[in-house]
Amino acid sequence: MFNRRNMLLAASTAVVAGLVAGAPARAEDTVKIGLIVPMTGGQASTGKQIDNAIKLYMQQHGDTVAGKKIEVILKDDAAVPDNTKRLAQELIVNDKVNFIAGFGVTPAALAAAPLATQGKVPEIVMAAGTSIITERSPYIVRTSFTLAQSSTIIADWAVKNGIKKVATLTSDYAPGNDALNFFKQNFTAGGGEIVEEVKVPLANPDFAPFLQRMKDSKPDAMFVFVPAGQGGNFMKQYAERGLDKTGIKVIGPGDVTDDDLLNNMGDAVLGTVTAHLYSAAHPSQMNKDFVTAYKKAFNNRPGFMAVGGYDGIHLIYEALKKTNGDTNGDKLIEAMKGMKWESPRGPISIDPDTRDIVQNIYIRKVEKVDGELYNVEFATFEAVKDSGKTKK
Ligand code: PHB
């Protein structure tokens with residue numbers, strides 16, 4: 001018979017069953033991370049790399065830190081900043097997350113910044129790379145990179161290696177403009193000349209008409225910035241237009257030769273020289289272990305976005321250890337400032353003044369190693385800070 005007494009009995013049995021099976025952790029014993037990344041659309045490879053890397057880190061290090069259970073709430077913003085803002089708001093207000101993290105593109109990281117400030121919630125930027133981002137909230141800490149870090153270094157390399165005329169092709173939004181401006185600043189200061197400058201749309205770019213202009217301007221090299229996920233399509237069109245046969249080599253920050261896609265780009269990409277923070281071929285033991293574990297878990301090579309996610313979750317774990325599990329936003333940010341550790345990319349730290357990442361930048365050339373395409377590092381610039389901050 002289905003009466004009130006039976007219902008109560010059923011309910012109490014369910015509670016007991018829940019306890020036996022391991023009751024859900026109490027809210028105060030859980031640390032929640034709202035992970036907002038593009039899992040769909042043109043930037044989806046960024047979200048997948050970050051999500052994978054965080055899963056891998058948590059498998060390797062467990063899901064409990066300083067007595068607290070770590071819960072990651074994954075949200076797909078498709079790299080649309082209006083979505084990012086709405087999701088960040090919901091995560092902070094309804095889910096009461098202790099961190100927001102991810103941010104596949106600059107506009108997404110910027111859209112969340114005022115919410116991080118209002119809520120005093122640390123915003124861990126694991127992907128986006130425009131210099132100004134960390135200036136938009138005192139609660140932002142970055143584990144990715146800035147375009148200024150790599151673009152200035154490849155410019156100096158180009159000057160020293162006899163490249164005199166460069167045509168530029170950059171994605172037409174904030175990080176593309178940073179890449180272009182910081183490259184130009186160092187390249188022209190060293191006597192180089194920009195012979196053509198084209199900007200391509202961020203969404204679904206067709207590179208073909210721009211590549212024809214590149215070819216016609218007869219540069220010694222072309223400087224390219226496209227965001228992670230677009231390098232494969234770019235290289236395909238570069239080869240189809242026969243640019244690899246003209247001797248116009250590609251140089252740039254390493255986004256265009258992201259390890260995630262590199263091995264399928266074909267031989268046209270051989271010889272591409274880029275400056276960047278991470279190569280799957282980085283010869284440290286830690287990176288060898290990271291690449292092996294990532295490949296085993298996800299059947300693909302990790303790229304630089306994966307490393308931004310892996311280091312971002314490490315930063316969260318270590319900050320919580322330092323605060324003894326205290327989730328006060330100000331205490332967490334203080335704990336992160338100046339933190340130093342070894343990443344799969346090499347030694348890194350968080351600049352205590354800017355909350356931005358300090359890291360080695362490597363110059364690399366695409367070569368075949370054991371039949372696979374890799375960015376092989378051949379020069380290292382140590383502990384590079386972001387040079388792109390607003391002068392105060
Ligand atoms: C960015 O939007 O800041 C961004 C995205 C992907 C990259 C670099 C920068 O590869």
Side-chain angles (χ1 to χ4, degrees), residues 36-39 41-50 53 77-84 101-113 123-136 140-152 154 169-183 199-205 223-235 250 252-262 265 272 274-280 302-309 311-312 345 356-357 359 361 364 375 386 388-389:
I36 311 174
V37 284
M39 296 299 286
Q43 304 310 119
S45 68
T46 295
K48 288 184 185 142
Q49 289 193 54
I50 291 176
D77 68 355
V80 176
D82 282 347
N83 295 346
T84 318
F103 310 102
V105 292
T106 292
L110 296 178
E123 172 178 338
I124 312 304
V125 175
M126 298 171 164
T130 305
S131 288
I132 46 147
I133 290 173
T134 49
E135 296 179 283
R136 290 296 171 89
I140 294 180
V141 181
R142 171 155 43 201
T143 60
S144 47
F145 53 86
T146 72
L147 275 309
Q149 285 175 324
S150 42
S151 300
T152 48
I154 196 70
L169 182 150
T170 52
S171 194
D172 191 10
Y173 76 124
N177 295 335
D178 266 11
L180 174 64
N181 293 335
F182 289 107
F183 176 79
K199 295 189 180 184
V200 296
L202 171 61
N204 307 315
F223 172 85
V224 177
F225 167 77
V226 290
Q230 292 189 359
N233 192 21
F234 169 80
M235 278 299 171
V250 173
D255 307 70
V256 70
T257 57
D258 185 358
D259 273 295
D260 188 49
L261 302 174
L262 179 61
M265 288 186 192
T272 300
T274 54
H276 221 212
L277 56 124
Y278 178 68
S279 165
F304 62 98
M305 291 300 190
V307 174
D311 288 326
R345 65 184 108 174
D356 218 334
I357 185 154
Q359 60 191 332
I361 296 294
R364 318 91 51 83
N375 292 297
D386 174 45
K389 299 278 175 265

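Sequential numbering from 1 along the given sequence is applied to the chain's residues. Counting starts at 1 for both ligands and their atoms, in listed order. Computation of the quantities below employed the complete heavy-atom set of this structure, encompassing side-chain atoms and omitting hydrogens, waters and symmetry-equivalent molecules.
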Check ligand 1 against [X] and write out every atom of the ligand that is under 4.0 Å from a heavy-atom position of the residue.
X	value
Met305	6 (C), 7 (C), 10 (O)
Phe304	10 (O)
Val105	1 (C), 2 (O)
Ala128	1 (C), 3 (O)
Gly129	1 (C), 3 (O), 9 (C)
Ala228	6 (C), 7 (C), 10 (O)
Phe225	8 (C), 9 (C)
Phe145	8 (C)

Could you check if a side-chain atom of [X] sits within less than 4.5 angstrom of a side-chain atom of [Y], using non-hydrogen atoms only?
X	Y	answer
His276	Asn375	no
Phe182	Leu147	no
Ser151	Phe223	yes
Val200	Thr170	no
Val224	Thr272	no
Asp77	Pro38	yes
Leu261	Met235	no

For [atom], what's the nearest protein heavy-atom neighbour? Residue, atom name and distance, please.
atom	answer
atom 4 (C) of ligand 1	Tyr173 OH, 3.5 Å
atom 3 (O) of ligand 1	Thr106 OG1, 2.5 Å
atom 7 (C) of ligand 1	Asp255 OD2, 3.3 Å

Distance-only N or O hit between ligand 1 and Pro227, under 3.5 Å: no
N or O pair under 3.5 Å between Pro107 and ligand 1: no
Pair Lys48 + Asp260: basic N to acidic O under 4.0 Å: no
Closest non-hydrogen atom pair between Ser131 and Asp356, with its separation: O-OD2, 4.4 Å
Contact check, Ala79 vs ligand 1, heavy-atom distance below 4.0 Å: no
